[in-house]
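In what follows, a single structure is set out as structure tokens and then discussed.
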Amino acid sequence: DSGVTQTPKHLITATGQRVTLRCSPRSGDLSVYWYQQSLDQGLQFLIQYYNGEERAKGNILERFSAQQFPDLHSELNLSSLELGDSALYFCASSTDRTAYNEQFFGPGTRLTVL
Amino acid sequence: GDSVTQMEGPVTLSEEAFLTINCTYTATGYPSLFWYVQYPGEGLQLLLKATKADDKGSNKGFEATYRKETTSFHLEKGSVQVSDSAVYFCALSEPSGAGSYQLTFGKGTKLSVIP
């Protein structure tokens, strides 16, 4: 158990819909990273928040957004969903004090868009 | 930009066989290098890491050495077990100007170990 929790575990929805994925980091970790894992693109970094503020953006679509709340949990919002958004979405948390700090991954949310 | 290339699987080995999974990287600076493992139905777990040239990371019988001259970080294990069956990801982290340490991953190598 990494100490990072993600809900829901599975999500099935239709094209055009909007969903919210939730992540609670390990106690004490200020940084939350979101990654998308798909068969064709592999594991890709989407976005990072540190102590409530956006710190870096990767290959995140404009239809996607995220935020981190004062209690440090984070939500990833995916809107106008397309079939190609079906993937595993992971969050990871870290202290981020150095470049070699471990990122601890949650179990993921599997999104299926029908 | 940064990139990681690792041998694509699947790789199937018999128990007690020697394992090598090749990984090479491209980076602008001096990245930290990682191997993560993903067991079926689970998230990723850090297997080992190395933070500078010639560092050797090791854990659970797995080893990898940071080779700057060949920009490589190959994963090895002398004798694999059925329980090592998983997907292995090579990754690097290079701090951005904003102090972000996002991971850049290879495509993953699926290892199956048969008794």
Where does B/Gln38 contact chain A at under 4.5 Å (heavy atoms): side chain, backbone, both or neither?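 B/Gln38 touches chain A through side-chain heavy atoms alone.
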
Indicate yes or no: does B/Lys68 engage B/Asp54 in a salt bridge with an N to O separation below 4.0 Å.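 No salt bridge links B/Lys68 with B/Asp54.
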
Salt-bridged, A/Glu102 to B/Lys49, with N to O below 4.0 Å?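 Salt bridge: no.
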
Donor on one side chain, acceptor on other, A/Tyr35 and A/Gln103, under 3.5 Å: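 On atom types as modelled, these side chains qualify, holding a pair under 3.5 Å.
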
Scan side-chain atoms only and decide if B/Ser100 and A/Gln48 contain a donor-acceptor pair under the 3.5 Å cut-off.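 The answer is yes; a qualifying pair exists.
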
Anything under 30° is parallel, anything over 60° is perpendicular, the rest tilted; go ahead and classify A/Phe69 against A/His73.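 Plane angle under 30°, so parallel.
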
Report the option among B/Leu46, B/Leu44, B/Leu33 that has the most heavy-atom pairs separated by less than 4.5 Å from atoms of chain A.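 The candidate making the most pairs under 4.5 Å is B/Leu44.
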
Keeping A/Asp1 on the side-chain end and A/Gly3 on the backbone end, is there a donor-acceptor pair under 3.5 Å?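 Indeed, once roles are kept as given, a pair shorter than 3.5 Å links the two residues.
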
Contact class of A/Asn59 relative to chain B, heavy atoms under 4.5 angstrom: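 No part of A/Asn59 comes within 4.5 Å of chain B.
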
Need one label for A/Gln41: side chain, backbone, both or neither, based on atoms under 4.5 Å from any heavy atom in chain B.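 For A/Gln41, the contact with chain B is made by the backbone alone.
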
Considering residues at least two apart in sequence or located in another chain, which fulfil the ring pair (Phe, Tyr, Trp, His ring centres under 6.0 Å) criterion with A/Tyr49?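 Here no residue qualifies.
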
Are there residues of residues 102-114 of chain B that reach to under 4.5 Å of chain A by heavy atoms, and which ones?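 The list, in residue order, reads B/Gln102, B/Leu103, B/Phe105, B/Lys107.
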
I'd like to know if B/Tyr36 and B/Val4 are part of one continuous hydrophobic network [Ile/Leu/Val/Met/Phe/Trp/Tyr, side-chain heavy atoms within less than 4.5 Å].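 Not linked; separate clusters.
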
